[in-house]
Amino acid sequence: MDYIAKGKELRRDIIKMLHISKSGHPGGSLSELEILIALYYEVMNIDPKNPNKEDRDLFVLSKGHACPGLYAVLADKGYFPKDDLWTLRKVDSLLQGHPDSHKTKGIDVNSGSLGQGASVAVGLAIGAKRKGLGQKVYCLLGDGECQEGLVWEAAMAAAHYKLDNLTFILDNNGLQIDGKNDEVMSLGNIKMKFEAFGFKTYEVDGHNVEELVNALKENVHNQPKFILAHTIKGKGISFMENNVGWHGKAPNDEEYELAMKELA
Amino acid sequence: MGKAIRVAYGEAIAKLGHTNDKVVVLDADLSGATQSKFFKKEFPDRFYNVGIAEENLMGIAAGLAYQGYIPFASTFAVFGTGRAFEIVRNQIAYVNLNVKLALTHSGISVGEDGGSHQSIEDIAIMRTLPNMTIIVPCDAVETEKAVNASAKHLGPVYLRLARPTVEDVTSADDKFEIGKALTLIDGNDACIIACGLMVSRALDAARELKANGIDTAVINMHTIKPLDKDTILKYNSKCKVIVTAEEHSVIGGLGSAVAETIAGTNGAKFAMVGIEDKFGHSGDPSKLFEEYGLTKENIIKKVKENI
């Protein structure tokens, strides 16, 4: 598959979605996109025609505000009609402002309140071990999100229970609502922190699908995995890239036209 | 006879493990106190001690529920409903997941540990959550029934479990149904609606009132949510006074729930026995019950004042 073309196509969906909804989070949706492509097109055992199949791999978008990116991928995979994307955040929409497992096919876990997805992912992975069907659990964290204490409670438990079926991926775009991570609350050496907690760690270019797939497919034994994915917030649209102002703002008509031109 | 409610929980959940293989139990380093240790001993590979991390306790329980298990998550009530509140809200109640919060050491009957560990607001905060069922068993016999009923119920349940040893006031034959109050004594003049440790005090009060010519009903309102409004409205019509009795703040607990039900009905007069907007402190539980007015005498006083 041509991932550059796929990335452009899905970015157009994200921008159109947010333009129509007039609210939502473009920055993180654009930075995480290749991570989602790697998972949903190459790595995860899933069946969009049977979204609840018992032995499926599970994905937790712990940074739930970046759900427009995930919705674009799920629609493209056929979990629901693409036209549903244009109802984002509206009354009666199946696509909530943050992921809702009851409303949206393909969403495994509710999320949005930061840090909680990591903890739920640990429970899913323990459950997967109990069930014995070989399910793997992937959890996407934001960098600002790692300021939440619950992420570290979850990390400690993931190593304690030797959850080699669990992978945390960090969308490391360096920005959060109030500014740079380093200015708001530094993460320090985040890779070493996860390593110290007992994770097998990897570091990749978070916009290189091949690198992501290789890291995601690495097998580990008796320890969880952590992938530090370096990304660019707002990736793909010049005026959004590395611009903290685009964390949670929808493009107006003019910005929409400019963005679509760049993504053509 | 008599047994601590928390011990009855530990024994009941260990027993339930034999008949329901979906039941798993989690604790946050308090398995000896919450008595989840009974389950741990019986089913070591279905027991998860997550360490001193109550938020993670609830998050992991949610994950296990998504995978089809029935997790009972145990810690002290003050931590499980307080510290972990927003995880319980967003990951359990909001999603309507099948997690059972089996939280012990509720109320001021924790005693010597003092105000930091005495939950007096837990019913109030859990009651505001849609989908949440709240059960407050009054003795060991009822606790076992409540544990089994919680496991059968699909959705989140908060089991509020007290620490002290209590005399049994219900019997094995009493029917237990979530959301259906148990009428222990019928009466026509006054009605005491109680839960948990206050049920035995309500019975004592009713017997004394009866001897004084006031025919007093006692309702064991073991389920605070969903509330048995039919029973409340029935006694609201036929009695002159309703008094609620709970080991909890008068703000937001059983008394408030009953008041919300009878507001504007022109029925019985109404009074509450409970903790009057104060934190607890260290001391022998029975002395604390006296200090905070959680007594037979206070119930009788409120009935007589309003009849």
Side-chain angles (χ1 to χ4, degrees), chain A residues 52-60 62 64 96-104 107-133 135-137 139 148-163 165-166 197, chain B residues 17 20-29 43-73 75 79-80 83-101 129-131 154-156:
Chain A
N52 296 321
K53 74 167 181 158
E54 201 57 32
D55 68 342
R56 73 190 187 280
D57 290 342
L58 300 164
F59 176 66
V60 183
S62 197
Q96 297 293 293
H98 292 84
D100 185 319
S101 57
H102 289 302
K103 289 195 191 287
T104 311
I107 295 291
D108 293 317
V109 164
N110 283 46
S111 61
S113 178
L114 295 176
Q116 297 181 6
S119 179
V120 174
V122 169
L124 292 173
I126 293 172
K129 292 250 174 195
R130 292 207 66 80
K131 281 164 74 180
L133 301 174
Q135 290 172 288
K136 294 196 166 172
V137 180
C139 175
E148 288 279 4
L150 185 51
V151 169
W152 302 100
E153 289 185 15
M156 198 180 286
H160 177 80
Y161 293 116
K162 300 182 168 53
L163 298 176
N165 57 348
L166 173 65
F197 269 71
Chain B
N20 190 333
D21 63 4
K22 292 290 182 200
V23 170
V24 293
V25 175
L26 300 90
D27 206 303
D29 196 41
F43 305 101
D45 65 335
R46 288 159 64 185
F47 177 83
Y48 299 94
N49 195 335
V50 305
I52 307 165
E54 294 79 12
E55 297 175 36
N56 206 28
L57 172 76
M58 296 304 175
I60 292 176
L64 281 158
Y66 273 115
Q67 289 278 41
Y69 294 97
I70 307 172
F72 280 69
T75 178
F79 308 134
R83 188 186 202 110
F85 174 74
E86 200 238 320
I87 292 95
V88 171
R89 181 201 188 274
N90 271 322
Q91 298 302 336
I92 296 173
Y94 180 48
V95 195
N96 201 15
L97 282 180
N98 206 15
V99 176
K100 317 304 170 186
L101 285 63
L129 295 178
N131 297 328
L154 197 65

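Predicted model only: the values in this text are computed from it and were never measured. Residue numbers start from 1 in every chain, and the chains themselves are labelled A, B, ... in the order their sequence lines are given, proteins ahead of strands.
Without hydrogens or angle criteria, B/D27 side chain to B/N49 main chain gives no donor-acceptor distance under 3.5 Å. Put simply, the side chain of B/N98 never gets that close to the backbone of B/I70: no donor and acceptor are under 3.5 Å apart. No donor-acceptor pair under 3.5 Å is formed between the side chain of B/K22 and the backbone N or O of B/P71.
For residues 151-159 of chain A, a heavy-atom distance under 4.5 Å to chain B picks out A/E153, A/A154, A/A157, given by residue number.
The shortest distance between side-chain heavy atoms of A/N110 and A/Q96 does not fall below 4.5 Å. Taking 4.5 Å as the limit, every side-chain heavy atom of A/R130 sits out of range of all side-chain heavy atoms of B/Q67.
At a 4.5 Å heavy-atom cutoff, the contact between A/V109 and chain B is made by backbone and side-chain atoms alike. With a 4.5 Å cut-off on non-hydrogen atoms, A/A128 touches chain B through its backbone and its side chain both. Looking at B/R46, both its backbone and its side chain come within 4.5 Å of chain A, counting heavy atoms on both sides.
Interface remark: of the candidates B/N56, B/I52, B/I60, B/L26, B/N56 forms the most heavy-atom pairs closer than 4.5 Å to chain A. When the candidates A/Q135, A/H160, A/E54 are compared by the number of heavy-atom contacts under 4.5 Å with chain B, A/Q135 comes out ahead. The candidate from B/N90, B/V95, B/L97 with the greatest count of non-hydrogen atom pairs under 4.5 Å with chain A is B/V95.
Residues meeting the side-chain hydrogen bond (donor to acceptor under 3.5 Å, both in side chains) test with A/R56, sequence neighbours left out: A/D108. Applying the side-chain hydrogen bond (donor to acceptor under 3.5 Å, both in side chains) criterion to B/T75, with sequence neighbours excluded, gives no partner residue. The ring pair (Phe, Tyr, Trp, His ring centres under 6.0 Å) check on A/F59 picks up A/Y40, with sequence neighbours excluded.
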Given the rule in the side chain to side chain contact (heavy atoms under 4.5 Å, CB included) test, do A/D100 and B/Y94 qualify, once you have shown the distances and angles that lead to the verdict?
CA-CA 9 Å; A/D100 185 319; B/Y94 180 48; 3.7 Å; yes
